[in-house]
Amino acid sequence: MHTIDYLIFVVYMIAMLGVGFYFYRKNKSSEDFYVSGRNMSSWHIGLSVVATDVGGGFSIGLGGLGFTMGISGSWMLFTGLIGAWLSAVFLIPKVSKLGHQHKFFTFPQIFNHFYSARVALLAGIISAIGYIGFTSSQVLAGAKLASATIDGLDLQWALVIMGVIAVVYTAVGGLKAVIYTDTIQWIILIVGLVFIGIPIAYDAVGGYDVIKETLAPEYLSLTNVTWHQMLNWAVTIIPIWFIGMTLYQRIYACKDEKEAKKAWFIAGLFEWPIMAFMGVILGMLAKVAATQGMFDGITDASTMDSEMGLPILLSTILPIGLMGLMLSSYFSAILSTADSCLMAASGNIVTDIISKFYKKELTQKKLLRLSQIVTLLVGVFAILLASQMQNVLELMLYSYAFMVSGLFVPVLGALFWKKSNPVAAFWSMLLGGSTTIGLILSNNKLPFNLNLPEHLDANIFGISVSLITFIVLSNYHYKKNNNGIQNH
């Protein structure tokens with residue numbers, strides 16, 4: 001990269017830190033830190049939600065899907081639109097009212113309200129573990145992209161630089177800093193893709209005729225996807241809209257239910273078709289460029305890492321100045337996910353775990369300082385974890401699957417089923433999450449040489465175990481309690 005590109009990139013990173021320190025002076029309480037004083041507008045929240053949800057996934061996933069399967073990869077984010085709109089209709093009316101009424105900060109506090117402190121503690125532990133892993137995966141993704149596009153930058157140094165920037169502005173600025181930086185990052189990302197990345201890449205590879213000649217016909221078809229791929233995406237993505245700590249924080253941060261619903265409808269539309277098609281189109285253009293031999297040192301497109309096609313494409317075709325802008329927008333996508341995941345993990349640890357064991361009631365000032373310190377420590381741990389991992393998708397998969405399979409069924413039960421029971425919620429969380437992790441680690445293989453269908457995601461089986469456990473135990477305790485009442 002040229003000096004001008006480095007300068008643009010450095011100025012952008014300093015600006016992100018500046019936003020964090022600006023809101024550091026504004027935060028007066030833990031409520032300011034975790035839920036932005038509960039007065040955010042729908043557009044800020046909506047853009048923050050889509051930046052968080054699509055950000056890291058866009059950078060490491062959509063480009064790779066476009067590279068390997070074409071525009072049909074966009075269907076992955078169609079499940080994001082479904083999840084956003086379903087939660088706007090069914091979840092937000094219940095959660096927004098409870099959040100404002102009881103001054104909730106976190107997702108597991110819903111479990112404490114409907115079930116018990118023990119269930120909420122377990123939910124907090126599961127959510128914290130999941131989001132620490134999420135934060136690490138985003139930091140690692142950013143480090144990989146930085147080391148691939150910046151000459152002479154070692155992966156470990158890239159890891160430290162990316163991690164420190166995300167951790168510092170999040171730790172000092174809280175959720176309001178996260179939401180405003182997410183808005184800035186999302187705008188930069190969209191402008192970078194629409195006005196820089198796609199037009200220049202399209203022209204560089206030779207236009208539509210060359211694309212059509214280079215790629216197989218299925219790349220330009222929306223039907224190049226199997227039913228089990230759609231099912232796996234749906235099972236992985238839709239539930240997160242009902243159990244994601246980052247999303248609950250934003251529901252609580254909205255002024256009211258109406259603003260929260262509007263924010264979720266905005267987020268859904270931006271996920272699909274806007275972000276979905278932009279991501280896979282760039283991935284397809286990277287495949288064309290790689291096939292034509294435009295990348296130095298790469299002679300066979302089929303042997304290269306599909307997720308690295310997009311950053312290599314950008315570093316190959318962009319002129320001086322635009323490379324710095326595009327790189328900034330690229331890292332925006334990753335930082336906007338990393339900061340939100342860090343806030344989620346910190347909120348779980350402070351509100352759902354530490355406060356359960358702390359005997360004395362903390363003042364607002366002490367609670368704010370504790371929140372900032374924990375956020376900083378969690379961030380440092382996430383950077384250390386990322387330094388020990390090699391595979392971004394693997395780290396994301398473990399974190400994501402553990403949360404969804406453990407938490408999805410109990411939260412639906414709490415909000416929509418009168419027979420729900422704390423014992424049932426506790427065991428469905430443990431067994432559901434454990435089943436998914438066990439199957440991932442064993443590649444869907446069971447004892448006695450029994451194999452489950454390999455094309456189905458482990459999440460499907462984990463959620464099924466969680467659901468069966470929850471229904472059986474809830475019905476058992478419901479009947480037991482009713483019989484006890486009748487006997488008396």
Side-chain angles (χ1 to χ4, degrees), residues 1-20 47 51 54-56 58-60 62-63 66-67 141-155 157-158 161-162 164-166 169 180-207 210-211 274-275 277-279 281-290 292-298 307-339:
M1 286 204 317
H2 193 272
T3 305
I4 294 174
D5 294 313
Y6 284 118
L7 184 62
I8 291 170
F9 186 58
V10 169
V11 167
Y12 166 76
M13 290 299 181
I14 292 173
M16 292 301 100
L17 290 172
V19 174
L47 295 183
V54 180
F58 163 80
S59 299
I60 63 174
L62 278 174
F67 193 96
K144 279 192 168 184
L145 293 169
S147 62
T149 52
I150 299 175
D151 295 334
L153 182 61
D154 175 72
L155 179 63
W157 272 109
I161 293 167
M162 291 295 298
V164 167
I165 290 168
Y169 80 69
Y180 276 96
T181 52
D182 279 359
T183 303
I184 296 167
Q185 288 160 352
W186 191 87
I187 291 170
I188 292 172
L189 177 64
I190 288 294
V191 170
L193 293 180
V194 173
F195 297 106
I196 300 173
I198 292 177
I200 292 179
Y202 181 82
D203 183 64
V205 301
V210 175
I211 294 170
I274 297 172
M275 294 297 292
F277 281 100
M278 283 194 300
I281 286 170
L282 275 169
M284 285 170 55
L285 294 173
K287 179 64 176 282
V288 175
Q292 291 178 339
M294 290 174 59
F295 299 159
D296 290 338
I298 296 174
E307 291 177 354
M308 295 308 293
L310 181 50
I312 294 173
L313 171 70
L314 296 177
S315 63
T316 301
I317 64 171
L318 293 180
I320 294 171
L322 292 182
M323 180 59 194
L325 286 172
M326 199 63 220
L327 193 60
S328 297
S329 66
Y330 213 145
F331 286 113
S332 293
I334 294 165
L335 285 174
S336 63
T337 303
D339 56 19

Item checked: Pair Met278-Leu62, side chain to side chain contact (heavy atoms under 4.5 Å, CB included): steps then yes or no -> CA-CA 9 Å; Met278 283 194 300; Leu62 278 174; over 6 Å; no

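Taking CG of Leu285 as the start and CD1 of Ile200 as the end, the distance is 12.0 Å to the nearest 0.5 Å. Atom OH of Tyr12 sits about 15.5 Å away from atom CG of Leu7, to the nearest 0.5 Å. Between atom OG1 of residue Thr316 and atom CG of residue Leu313 there is a gap of 6.5 Å, rounded to the nearest 0.5 Å. One distance of note links CE of Met323 with CD1 of Ile317; it measures 9.5 Å at 0.5 Å rounding. Rounded to the nearest 0.5 angstrom, Leu314 CG and Leu282 CG are separated by 6.5 Å. Summarising the geometry, atom CD1 belonging to Ile4 is positioned 6.0 Å from atom CD1 belonging to Ile320; distances are rounded to the nearest 0.5 Å.
The shortest side-chain heavy-atom distance between Ile281 and Tyr202 does not fall under the 4.5 Å cut-off.
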